[in-house]
2 protein chains.
Amino acid sequence: MINILLADDHEIMLDGYISILQHQEDINIIGTAANGREVLTVLEMKPCDVLLLDINMPLMDGLETAKFLRSSKPGISIIVLTMLNNLRYIHSMVDLGVSGYVLKSCGKSILLEAIRTAARGEKYFDEYVTSIIKAGYKRSFTVDDSEVVLSERETDIIRLVALGLTTKQIADELFISPLTVQTHRKNINFKLQLHSPSDVTHFAFTHNLLISKP
Amino acid sequence: MINILLADDHEIMLDGYISILQHQEDINIIGTAANGREVLTVLEMKPCDVLLLDINMPLMDGLETAKFLRSSKPGISIIVLTMLNNLRYIHSMVDLGVSGYVLKSCGKSILLEAIRTAARGEKYFDEYVTSIIKAGYKRSFTVDDSEVVLSERETDIIRLVALGLTTKQIADELFISPLTVQTHRKNINFKLQLHSPSDVTHFAFTHNLLISKP
DNA sequence: ATCAAATTACCCGATTCTGGGTATGGATGC
DNA sequence: GCATCCATACCCAGAATCGGGTAATTTGAT
């Protein structure tokens with residue numbers, strides 16, 4: 001029997017999870033939590049094997065909660081649930097040793113598979129998430145129906161531009177010449193048909209490039 | 001009896017809605033749809049009073065679906081469901097005459113109230129959504145614990161900067177002098193402690209300022 | 001060995017942006 | 001009437017960016 005705690009601040013999502021899991025013979029829902037603090041409260045009182053953890057929660061978010069649990073409850077397998085456009089903490093979570101990383105858009109069968117895999121002490125990462133970890137930031141994009149490939153350095157530069165750093169600041173950050181940064185920026189703009197720092201920032205936001213690097 | 005169709009491409013969300021609504025004596029779920037096309041297919045076969053409509057769906061998104069339904073099935077009350085960080089089409093939807101606009105983060109009671117209100121032919125808009133419509137873009141923000149108020153013009157400028165327009169282009173767009181745009185940009189940067197077009201774009205993304213104006 | 005990709009670096013001129021300052025007129029509220 | 005806010009407009013100097021071009025070296029695949 002897998003004891004599972006569900007953590008998400010969206011009531012409808014919780015109801016969705018419950019609806020899916022309550023009829024599984026090998027799964028026992030020990031409770032729900034709407035924020036990280038409630039997670040800790042419930043876990044003090046009930047044995048738990050798997051935690052389904054939303055990242056965006058009030059009071060204590062998913063990352064903080066996971067960090068706390070790694071030391072206080074290392075036996076609990078954590079499955080992170082997130083939206084496609086919110087993969088910001090993917091590497092932090094993976095480094096923390098979470099057992100799974102699944103998109104909220106996944107279907108029932110994937111959710112169940114992730115839970116059972118995690119309960120066995122194994123890892124389950126969504127395909128997309130796996131591809132992000134593996135790609136190490138070399139990324140393909142479709143721009144006007146043609147395939148564009150950005151190098152790792154280029155995606156580094158995009159992220160730093162999107163964070164508001166000037167060319168000089170980026171150069172200092174990466175220990176290279178500002179002229180080199182300029183060259184990268186020129187190549188990026190050419191490849192992606194961008195024309196301003198705003199365009200670059202816009203691109204970074206709409207293509208999940210603000211993910212913190214491992 | 002309210003006949004209701006649920007449209008969302010996230011299976012877990014659908015299960016959540018079903019879980020909440022299936023036990024209501026006055027609500028009859030006529031079906032589910034994972035994209036706009038399925039919505040139209042179901043509506044050709046079954047009578048429907050209320051449509052719960054997600055905006056982000058494949059094949060035919062929520063806005064397109066709503067547009068189509070306004071002419072083909074004007075008797076159906078549409079309740080839009082959306083995430084807090086995705087209010088881009090709020091004015092388009094309101095202009096289309098949707099009966100409700102609710103955040104996915106809402107609880108059961110608000111969802112039920114919205115459905116019953118819409119079924120009565122009345123409007124139900126989430127508080128936050130209502131405040132956006134009413135504010136007409138004059139907006140308050142908290143920057144370093146102090147309250148900052150932006151004028152409508154300033155939020156116009158922010159949005160256009162975030163869309164990548166140069167000062168000259170913005171001036172052309174708004175029929176004013178580029179010098180005026182510069183002045184507005186200076187005031188915006190001062191108020192919000194921003195220092196580059198990237199900062200402005202970043203702010204626009206993180207504060208929902210890319211909403212299209214009515 | 002050859003080739004392609006990635007990284008690093010540079011020159012150039014033109015355009016754009018920032019942040020300091022100035023000012024006026026209109027609308028609104030007291 | 002007065003004060004405030006907003007929109008509009010301008011001057012200035014310096015910094016930043018773009019897009020045109022150039023080049024060399026390293027690495028990995030064939």
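A, B, ... follow the sequence lines: proteins, then strands. Residue 1 opens every chain. Hydrogens, waters and symmetry mates are skipped; everything else that's a heavy atom, side chains included, is used.
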- request: May I have the distance from B:Ile157 (atom CD1) to C:dC17 (atom C1'), rounded to whole angstrom?
  value: 14 Å

message: Show the nearest heavy-atom pair for residues A:Asp199 and B:Gly164, with the distance to one decimal.
response: OD1-CA, 3.5 Å

field: DNA chain C contacts among residues 174-190 of chain B, heavy-atom distance under 4.0 Å
entry: B:Gln182, B:Arg185, B:Lys186, B:Asn189

- request: Measure the distance from CG on A:Leu150 to C1' on C:dT7 and round it to the nearest whole Å.
  value: 15 Å

task: Using a heavy-atom cut-off of under 4.0 Å over every strand shown, decide if B:Leu194 touches base, sugar-phosphate, or nothing.
output: sugar-phosphate

Check: residues 49-61 of chain B side-chain donor-acceptor pairs under 3.5 Å, at least two apart:
from	atom 1	to	atom 2	distance (Å)
B:Asp49	OD2	B:Asn3	N	2.7
B:Asp54	OD1	B:Lys104	NZ	3.1
B:Asp61	OD1	B:Leu63	N	3.1
B:Asp61	OD1	B:Glu64	N	2.9

- prompt: Atom CD of A:Gln169 to atom P of D:dA15: distance rounded to whole Å?
  reply: 14 Å

query: Rounded to whole angstroms, how far apart are CD on A:Glu152 and C1' on C:dT8?
result: 15 Å

- request: Tell me which residues in residues 195-206 of chain B put a heavy atom below 4.0 Å from DNA chain C, sorted by number, or none.
  value: B:His195, B:Ser196, B:Pro197

- prompt: Quick one: B:Lys168 NZ to C:dA14 C1', roughly how many Å, whole number?
  reply: 15 Å

statement: Here the side chain to side chain donor-acceptor pair (under 3.5 Å) pairs for residues 65-76 of chain A, sequence neighbours left out, are none

statement: Sorted by chain and number, sequence neighbours left out, ring pair (Phe, Tyr, Trp, His ring centres under 6.0 Å) with B:His10 holds for none

- prompt: For the pair made of CD in A:Glu154 and P in C:dT8, what is the distance, rounded to whole Å?
  reply: 11 Å

- request: Return the minimal non-hydrogen interatomic distance between B:Arg185 and B:Pro197, and the atom names on each side.
  value: NH2-CG, 3.9 Å

Would you mind writing out the side-chain donor-acceptor pairs for residues 13-21 of chain A within the sub-3.5 Å range, not counting sequence neighbours?
none

task: First locate atom CG of B:Leu163, then atom CG of B:Leu165, and finally report the distance between them rounded to the nearest 0.5 Å.
output: 6.5 Å

B:Thr201-A:Thr201 side chain donor-acceptor pair, cut-off 3.5 Å: no

query: Do the side chain of A:Glu11 and the main chain of B:Lys108 share a donor and acceptor less than 3.5 angstrom apart?
result: yes

- request: Measure from CD1 on A:Ile158 to P on C:dT7 and round the result to the nearest Å.
  value: 12 Å

